[in-house]
Structures are given as structure tokens and as C-alpha cells.
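Remarks on the structure that follows.
Each residue takes its place number in the sequence, starting with 1. Both ligands and their constituent atoms are indexed starting at 1 by order of listing. All figures in this text were calculated on a predicted structure; none of them were measured in a lab.
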Amino acid sequence: MLLRDAHNRIIRDLRVSLTDRCNFRCFYCLPNGEPPLARKDTILTFEEIERICEIFVSLGIEKIRLTGGEPMLRKDIEVLIKKLARLKVQSSHKSQVPSQFEISNFKTQISHSAFRIPHLKDLALTTNGHTFPPRAENLKRAGLDRVTISLDSLQREKFKEITGVDALPNVLQSIEAAQQVGLTPVKINAVLVRGRNDDEMIDFARFARERDVKMRFIEFMPLDSSRVWDRNMVVSSKEIFEKINRVFPLKLKGQSRGAETAWKYDFADGAAGEIGIIAPVTEMFCGACSRIRLTADGQIRTCLFSTVEHNLRDVMRGGASRAEIIEFVQSVVLKKEARHSINSENFAPASRSMSFIGG
Ligand code: SAM
């Protein structure tokens, strides 16, 4: 039983926001730390998150990314990761999977995949890296597979201007720590904004080569809480590609993005690292979207730009059975928007900004 929406897209990727609080004040996200922050009793407990994730995985979700807000602000996040990592273990329940011998004995044309037991394949975390270094090892030990770290400038002063915190040394240390403990491949998110950090594209590309990380350039989206977004601030994927390609020739990794958000490139000279460009504004990729989101207060969002949410928390806290929760989730998935409308004249801003949704 898979989660399929009304546009025949299969949902494989769940983003779980652990908190709507953040300790950074990025000007393109949450510059003023705006209220309203969800009330504590509305935030999902670890047990509730575990229950929901288990159900989603049984419905074919293969990737879970923990995000926020800043997910590392959630106390004892390692405990949650340990719980969620158990959802990967089912893959080793070989006793329930027929052996090659058993399969070949079937006269019918039943493929091996018919016996596949749904299980989690990838447990990842997106963080600003501020409090990450001393906890990297425990996160890995708890069962985290990999980490994405946000890094919007390689210049200390500029980093502070963008994020409101003088944390560049910490964040660089986080990248090293993640690599050391094997939370790899490490991805780095940089939101490029015209006039703020677009002059650093080449420096970021060099950084990817030197540090062997997967650089992800993200177009600035109209999801900031202070509504300063303007189309002129968006640095297009085309521009990013052309500027980097001129200095470090790039080789496209595959002809299609599949369900991935990024166009991915290797360096043509064989250097380490990777460049990825995520272009929700100038080249939307909704047709291949396989994502769904759960906010920290238990609302399902079917798109970053949704103007409505679906209250799974109350369904669950109201005592719904597993079958009723599944029915609710399936009905919500069927409402997933065909596409966002950033580029249309009647674009209506999302009902919450990025840090409240979980990026
Ligand atoms: N606090 C964590 C972090 O900093 O990575 C996780 C949450 S943050 C909302 C997730 C990602 O969304 C970050 O890489 C951030 O740069 C990106 N982001 C936030 N606001 C954005 C916007 N308006 N447009 C594009 N990306 C944005």
C-alpha cells in the first residue's frame, strides 16, 4: 500500500519539523524570531512522532528528514533518532522475505518487490550547525545517516549579518565533525540572495571541491516571515550554473532529477565534491514532488506553499485507531496540490513561513 496523490505521484519523503524555534535570525527566514510560537502542549511528543513516522513508513515513506526551526534545539533529539532508526531495522527481517530459492519455485511471475517489507532507508537531519559539533558522534551512534548543514557565507562578518549570529567557526567545525563521524555525504545548503551573498558562488564551489561536500544552492523562495522576498532578489539556477561552470566546468550527473529537488553536477576535472542547484522559483519541479511535511505541532502540509493544513495531531490525540490514521493520511495526500503558484499573478503566500513549516 503506497501513498499516491491525485496526480499519480508517489510520496516517499517525509520532512518532520521538531520545533518552530530557531537560534538564528536569518534575514530570509525568521529575522525577528516572530511569535506566535506553538504552545508547548501542542508540540508533538517523541512518542507521537515515532507513531506517525512508523505509520508513514508502512505506507512507503523511505526518507525522513528532521528539520525545523532548528531541530537541535529539541532536547534529547538523540532519543528520537534512536526510536526512528528502528524503522530501518525491518529491512533485516529476512525471515519474512522469501529466499531466492522460494521465489524461483513460484511458477507465477511474482516479482521480488512484491515481498518488499516497507522500511526506512534514509534518516537525515537539517541543521544550522550551531550546537552540533560535540553531539555529532552521539547522533551517528543513535542511527542518524547523514546531515545537511546550512551555510550562507564563508566570510565571518557576512555570515553574522545574514544569520544574526557570529557562528561561522562553529558551523565549519560542524562540517568537519559530521565527516569525521561518518554522517556522510555531508550536504551544505546555501540560499543565494542577490546583493547579499551571490558574490560567493565560486568560493562555495571551491569549498565543495576542497572539503568534499555536496553543495546545494537554493533559490530564495517567498517563505520569509518578514515578507521581504522580491523576484529581483532571486539568483536563478541558470545564472548559478553559468557562473560556476565558467570557472569550474560541471558535468550533469543524470538526465533527469527524478524525485530529487536538485540538478546535480560533478566537477568535470574529477575533483571531489558536488554541486546541486535547487530552483523552485525559476524551474519548478512540482511534477516530480514526492514530499510531504509534518509541522512540529502535528499538522500535515502537502506543499511548502500550502495555504491549508491538516490536523493529524488532533486526529491522533482524539484516540483514532491505526486504520483511522491511515485513512486520514491517505485522504490528505489526495489533496496534494498539483503545483505551487509562485509564478502566477494570484500567488497567495503560504499560511506559515519556512521556519514554522520545516524546510
Ligand atoms: N534550522 C535548520 C537550518 O538552518 O538548516 C533547518 C531549518 S531551515 C528552515 C531549512 C533550510 O531552509 C535552510 O537551509 C534554510 O537556508 C532554508 N530556507 C529558509 N528560508 C528560506 C527561503 N525563504 N528560501 C529558500 N530557502 C530557505
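- Within the model, atoms CZ of F217 and CD1 of I275 stand 5.0 Å from one another, a figure rounded to the nearest 0.5 Å.
- The ring-ring contact (aromatic ring centres under 6.0 Å, His included) search around F241 returns Y265, not counting sequence neighbours.
- Of the candidates R86, R322, K83, K88, R322 is the only one forming a salt bridge (charged side-chain N to carboxylate O under 4.0 Å, His left out) with E54.
- In this structure, R196 forms a cation-pi arrangement with F27, its terminal cationic atom sitting closer than 6.0 Å to the ring centre and no more than 45° off the ring axis.
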Once you restrict both partners to nitrogen or oxygen, which atoms of ligand 1 have a protein partner under 3.5 Å, and how far apart are they?
from, atom 1, to, atom 2, distance (Å)
ligand 1, 1 (N), G69, O, 2.9
ligand 1, 1 (N), E70, OE1, 3.0
ligand 1, 4 (O), S150, OG, 3.3
ligand 1, 5 (O), T127, O, 3.4
ligand 1, 5 (O), S150, OG, 2.6
ligand 1, 14 (O), S150, OG, 2.8
ligand 1, 14 (O), N189, ND2, 3.0
ligand 1, 16 (O), Y28, OH, 2.9
ligand 1, 23 (N), Y28, O, 3.1
ligand 1, 23 (N), M221, O, 3.0
ligand 1, 24 (N), M221, N, 3.0

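- When L294, T295, L312 are each tested for a side chain to side chain contact (heavy atoms under 4.5 Å, CB included) with L44, only one passes: L294.
- Interatomic distance, CD1 of I52 versus CE of M316, reported as 3.5 Å (0.5 Å rounding).
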